[in-house]
Amino acid sequence: QVQLVESGGGSVQSGGSLRLSCAASGNTYSRNCMGWFRQAPGKEREGVAVIDSDGGTTYVDSVKGRFTISQDNAKNTLYLQMNSLKPEDTAMYYCAAGRAHYSDYTGGYCLRNNNDYKYWGQGTQVTVSS
């Protein structure tokens with residue numbers, strides 16, 4: 001079992017910054033992939049960034065260069081540093097955990113697909129005004 005609790009959301013002006021945090025607990029083997037997803041009103045949930053157990057990261061194109069996902073293993077905490085925020089970043093942001101895909105040739109790897117993640121936090125709202 002894995003429990004996830006997000007924090008750090010809020011309301012900021014365009015160009016501002018926020019850092020989201022996700023406190024994780026439970027079985028380590030069930031959270032080899034950690035990710036941040038977001039869902040805006042009227043839109044489907046979107047994978048923003050994911051990180052694997054080796055620290056490898058993948059981002060959706062729209063946030064590259066602005067967002068950074070990271071983990072502090074000692075604190076069991078996942079972070080999303082969001083800089084240069086835009087109104088289109090406004091959404092409910094969710095922390096998620098799941099098991100990695102595995103290849104005999106490449107080892108473990110993580111994707112940004114919703115269905116790959118079994119455990120989810122309650123979400124934290126991010127609102128960016130112009």
Side-chain angles (χ1 to χ4, degrees):
Q1 302 297 317
V2 176
Q3 296 80 44
L4 305 171
V5 180
E6 303 100 328
S7 62
S11 181
V12 299
Q13 293 185 338
S14 181
S17 298
L18 285 172
R19 189 175 76 161
L20 306 183
S21 298
C22 172
S25 61
N27 296 332
T28 301
Y29 69 87
S30 294
R31 48 186 172 93
N32 288 327
C33 295
M34 298 290 294
W36 288 99
F37 294 74
R38 66 186 181 186
Q39 187 167 26
K43 297 184 178 180
E44 295 185 357
R45 186 168 296 183
E46 174 187 45
V48 177
V50 297
I51 187 168
D52 62 36
S53 59
D54 293 325
T57 59
T58 302
Y59 300 89
V60 65
D61 287 344
S62 62
V63 309
K64 289 181 178 178
R66 300 189 297 119
F67 291 11
T68 302
I69 187 172
S70 62
Q71 288 185 113
D72 186 333
N73 291 327
K75 297 181 179 180
N76 293 313
T77 303
L78 179 74
Y79 300 99
L80 184 67
Q81 179 65 48
M82 305 185 293
N83 298 325
S84 301
L85 283 162
K86 304 175 181 180
E88 49 263 46
D89 295 319
T90 296
M92 184 72 75
Y93 283 71
Y94 298 90
C95 176
R99 296 179 182 178
H101 295 267
Y102 181 79
S103 167
D104 289 339
Y105 306 100
T106 63
Y109 63 97
C110 303
L111 301 174
R112 295 186 294 105
N113 302 326
N114 291 281
N115 293 337
D116 290 345
Y117 296 83
K118 182 178 180 179
Y119 303 99
W120 296 81
Q122 81 288 349
T124 186
Q125 179 67 39
V126 172
T127 302
V128 185
S129 60
S130 61

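As a basis for the values below, the full set of heavy atoms in this structure was taken, side chains included, without hydrogen atoms, waters or symmetry mates.
At least one donor-acceptor pair under 3.5 Å links the side chain of T90 to the backbone N or O of V128. A donor-acceptor pair under 3.5 Å is formed between the side chain of D52 and the backbone N or O of D54. Side-chain atoms of Q81 do not come within 3.5 Å of backbone N or O of R19 as any donor-acceptor pair.
Under the disulfide (SG to SG under 2.5 Å) criterion, the residue pairs touching residues 76-108 are C22-C95, with sequence neighbours excluded. For the salt bridge (charged side-chain N to carboxylate O under 4.0 Å, His left out) condition, the pairs that include at least one residue of residues 56-72, sequence neighbours left out, are D61-K64, R66-D89.
Residues R38 and V63 are in side-chain contact: their nearest non-hydrogen atoms beyond the backbone lie under 4.5 Å apart. Under the 4.5 Å side-chain criterion, counting only non-hydrogen atoms from C-beta, V126 is in contact with L20. The shortest distance between side-chain heavy atoms of I69 and L78 falls below 4.5 Å.
Between F67 and V48, the shortest heavy-atom contact is CD2-CG1, 3.7 Å. When all heavy atoms of G123 and Y94 are compared, the closest pair comes out as CA-CD2, 3.6 Å. Closest approach of A100 to C110, counting heavy atoms only: CB-SG, 4.4 Å. Residues Y59 and T68 share a closest heavy-atom pair of OH-CA, 3.3 Å. Considering all non-hydrogen atoms of both residues, Y117 and G35 come closest at CE2-N, 4.2 Å. Contact record, V2 with A97: CG1-CB, 4.2 Å, taken as the closest heavy-atom pair.
The OG atom of S130 lies 9.0 Å from the CD atom of Q13; values are rounded to the nearest 0.5 Å. Annotation: the span from I51 atom CD1 to S70 atom OG amounts to 6.5 Å, rounded to 0.5 Å. Between atom SG of residue C33 and atom NE2 of residue H101 there is a gap of 7.0 Å, rounded to the nearest 0.5 Å. Note that CD of Q1 and OG of S25 are 10.5 Å apart. Values are rounded to the nearest 0.5 Å. Here the CE-CG distance, from M34 to N76, works out to 9.0 Å after rounding to the nearest 0.5 Å. From T124, atom OG1 reaches atom CE of M92 across 7.5 Å, with rounding to the nearest 0.5 Å.
Put simply, Y119 and V50 are part of two different groups of oily side chains (I, L, V, M, F, W, Y) that touch within less than 4.5 Å, one to the next. Hydrophobic clustering (side-chain heavy atoms under 4.5 Å, transitive across Ile, Leu, Val, Met, Phe, Trp, Tyr) groups W36 together with M82.
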Step-by-step ring-ring contact (aromatic ring centres under 6.0 Å, His included) determination, F37 to W120: CA-CA 10 Å; F37 294 74; W120 296 81; 4.9 Å; yes

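Within 6.0 Å of atom CD in Q122, more than 12 heavy atoms from other residues, nucleotides or ligands are found, so the atom counts as buried in its surroundings.
Checked against side chain to side chain donor-acceptor pair (under 3.5 Å), N113 has no partners two or more places apart in sequence or in another chain.
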